[in-house]
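One structure below.
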2 protein chains.
Amino acid sequence: MKSAKDILRRYLKSNGLLYSRQREQVLDIFLKTEKHSTINDLYELVRKKNTKIGLATVYRSMKVICDAGLARETDFGDGARRYEHKYKHQHHHHLVCIKCGRIVEIASPRLEQIQRQLAKKHDFTVSRDTMKMFGICRACKRKSK
Amino acid sequence: MKSAKDILRRYLKSNGLLYSRQREQVLDIFLKTEKHSTINDLYELVRKKNTKIGLATVYRSMKVICDAGLARETDFGDGARRYEHKYKHQHHHHLVCIKCGRIVEIASPRLEQIQRQLAKKHDFTVSRDTMKMFGICRACKRKSK
DNA sequence: CGAACAATTGACCATAATTATCAATCTCAT
DNA sequence: ATGAGATTGATAATTATGGTCAATTGTTCG
Ligand SMILES: [Mn+2]
Ligand SMILES: [Mn+2]
Ligand SMILES: [Zn+2]
Ligand SMILES: [Zn+2]
C-alpha cells in the first residue's frame with residue numbers, strides 16, 4: 001500500500017506541481033495529528049520544525065493535500081475550517097456537543113446505504129457528503145443533573 | 001395554528017424583547033422567500049421597503065427569528081451563512097450541485113430513524129442536525145455528455 | 001394619554017479567517 | 001549545472017460577522 005507521501009508526490013507530479021520542503025513538512029505534521037485541526041493548529045505545530053514558514057503556505061499546502069485525497073475539510077460551525085484524515089481512515093460522521101465541544105465520530109453502513117439510495121433516486125453523483133448532529137453529550141448531561 | 005408573526009411576538013415578549021418595526025419587516029421579507037437566502041439577500045430585499053435599515057439590524061433580526069424557531073441556519077460551504085424556513089416546513093436535507101449550484105431538498109424518514117438510533121446509541125441529545133451530499137446533478141450530467 | 005425605562009437601531013469600527021499579490025527563491029527535467 | 005516555471009513569505013486586500021454607543025423607539029404603568 002502506498003504511503004501518504006507517495007500519494008502526494010504522485011498527485012503533484014501528475015499535475016505539474018512541485019514537491020517542496022514546506023509541503024512535506026505540513027504533510028508530516030498533519031499525518032501526526034488525529035484531531036480535527038485548524039490551519040492555525042497546524043501552523044503552530046509546523047513552526048516548531050520550520051520557524052520561517054508562512055501561514056499562507058500552510059493554507060496552500062493543506063489545499064493540495066486535500067486535492068490529493070489525503071485530507072478532508074470539515075466544518076463544525078465555529079468560524080474555522082478544520083482538516084481531518086481521509087487516507088486509511090474510515091468515512092464517518094460527527095456528533096458535536098454544543099456544551100463542551102466534544103466530537104464523537106460515528107460510522108454507519110446503514111446510513112451510507114440510505115445516502116446512496118437517496119442520491120440514486122435523484123440521479124445525483126455524490127463526490128462528498130457530511131452528516132452532523134449537534135446536541136448535548138453524555139458527559140454534559142451527567143454534569144447538569 | 002399560530003402565524004409566524006404571533007410566534008415571534010410571543011417569543012419576544014417572553015424573553016423581555018421588543019417587537020420592533022425592523023424585526024417585523026425582516027420577518028415579512030424572510031417569509032416571502034422560499035430560497036436559502038444570505039443576510040445580504042435579505043438586506044437587499046428589505047431595503048426596498050425600508051431604505052434606512054442597517055445591515056447589522058438584519059443580522060440581529062435573523063438571529064432572533066432563528067431563536068424563535070422560525071428560521072434555520074444552513075451552510076453550503078460557500079463563505080456565507082444562509083437561512084431557510086423552519087416553521088411549517090418539513091425537516092429536510094440537501095443535495096448540492098458543485099457545478100451549477102442547484103440545491104435539491106430531500107426528506108427521508110428512514111434516514112431520520114437511523115439518526116435517532118445513532119444518537120441514542122451514543123447517549124446524545126440532538127438539538128440540530130444536518131446532512132448534505134455534494135456532487136453533480138442530473139442536469140449537469142446531461143450537459144457534459 | 002404620557003412619562004419612564006429598557007431595548008433597539010444605525011453608523012461605524014473591530015475582528016478574524018481566508019485569499020491575492022509579487023519579488024525572491026526553490027524544484028526538477030534535461 | 002542550468003533554466004523555465006512553480007513556490008514561498010511577507011504583506012495587503014477582502015469578506016463575513018460581531019461589538020460599541022448615542023440617539024431613537026416600544027411597552028408598561030399610572
Ligand atoms: Mn472526524
Ligand atoms: Mn433547504
Ligand atoms: Zn459535552
Ligand atoms: Zn448542476
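Below, chains carry the letters A, B, ... as their sequence lines are ordered, and counting in each starts from 1.
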Report the distance from atom CE of B:Met62 to atom P of C:dT9, rounded to the nearest whole Å. 14 Å
Sub-6.0 Å ring centroid separation between A:His36 and A:Phe76: yes
In whole angstroms, how far is the P atom of C:dT8 from the CG atom of B:Asp67? 12 Å
Starting at atom CG of B:Leu8, determine the distance to atom P of D:dG26, rounded to an integer number of angstrom. 14 Å
Would you mind reading off the distance between B:Leu42 atom CG and D:dT17 atom C1', rounded to a whole angstrom? 15 Å
Between the base of D:dG19 and the side chain of B:Arg60, is there a donor and acceptor pair under 3.5 angstrom? no
Under 6.0 Å from the NZ atom of A:Lys2, do we count more than 12 heavy atoms belonging to anything else shown? no
Under a 4.5 Å side-chain heavy-atom rule over Ile, Leu, Val, Met, Phe, Trp and Tyr, are A:Leu8 and A:Tyr59 clustered together? yes
Give a yes or no on whether the ring-centroid distance for A:His91 and A:His89 is below 6.0 angstrom. no
Starting at the 5' end of DNA chain D and moving along, which residue's nearest nucleotide shows up first, B:Asn40 or A:Ile53? A:Ile53
Whole-Å distance between C:dT9 C1' and B:Tyr43 OH? 13 Å
Nucleotide nearest B:Tyr59 (side chain, heavy atoms from C-beta), chosen from C:dA20, C:dT18, D:dT17: D:dT17
Going by atom types alone, do B:His92 and B:Glu84 pair a side-chain donor with an acceptor below 3.5 Å? yes
Give a yes/no answer on whether the side chain of B:Arg81 brings an N or O atom under 4.0 Å of OP1 or OP2 in D:dG18. yes
What is the minimum heavy-atom distance between A:Ala139 and A:Arg102, and which atoms define it? CB-NH2, 3.4 Å
Rounded to whole Å, please give me the gap between NZ in A:Lys52 and P in C:dA24. 18 Å
Enumerate the residues from residues 12-25 of chain B whose closest heavy atom to DNA chain D is under 4.0 Å, giving them by residue number; use none for an empty result. B:Lys13, B:Leu18, B:Tyr19, B:Arg21
Checking A:Gln22 against A:Arg60: is there a side-chain donor and acceptor pair closer than 3.5 Å? no
Between CZ of A:Arg9 and C1' of C:dC28 the distance, given in whole Å, is 11 Å
Grab the CG-C1' distance between B:Asp75 and D:dA16 for me, whole Å please. 12 Å
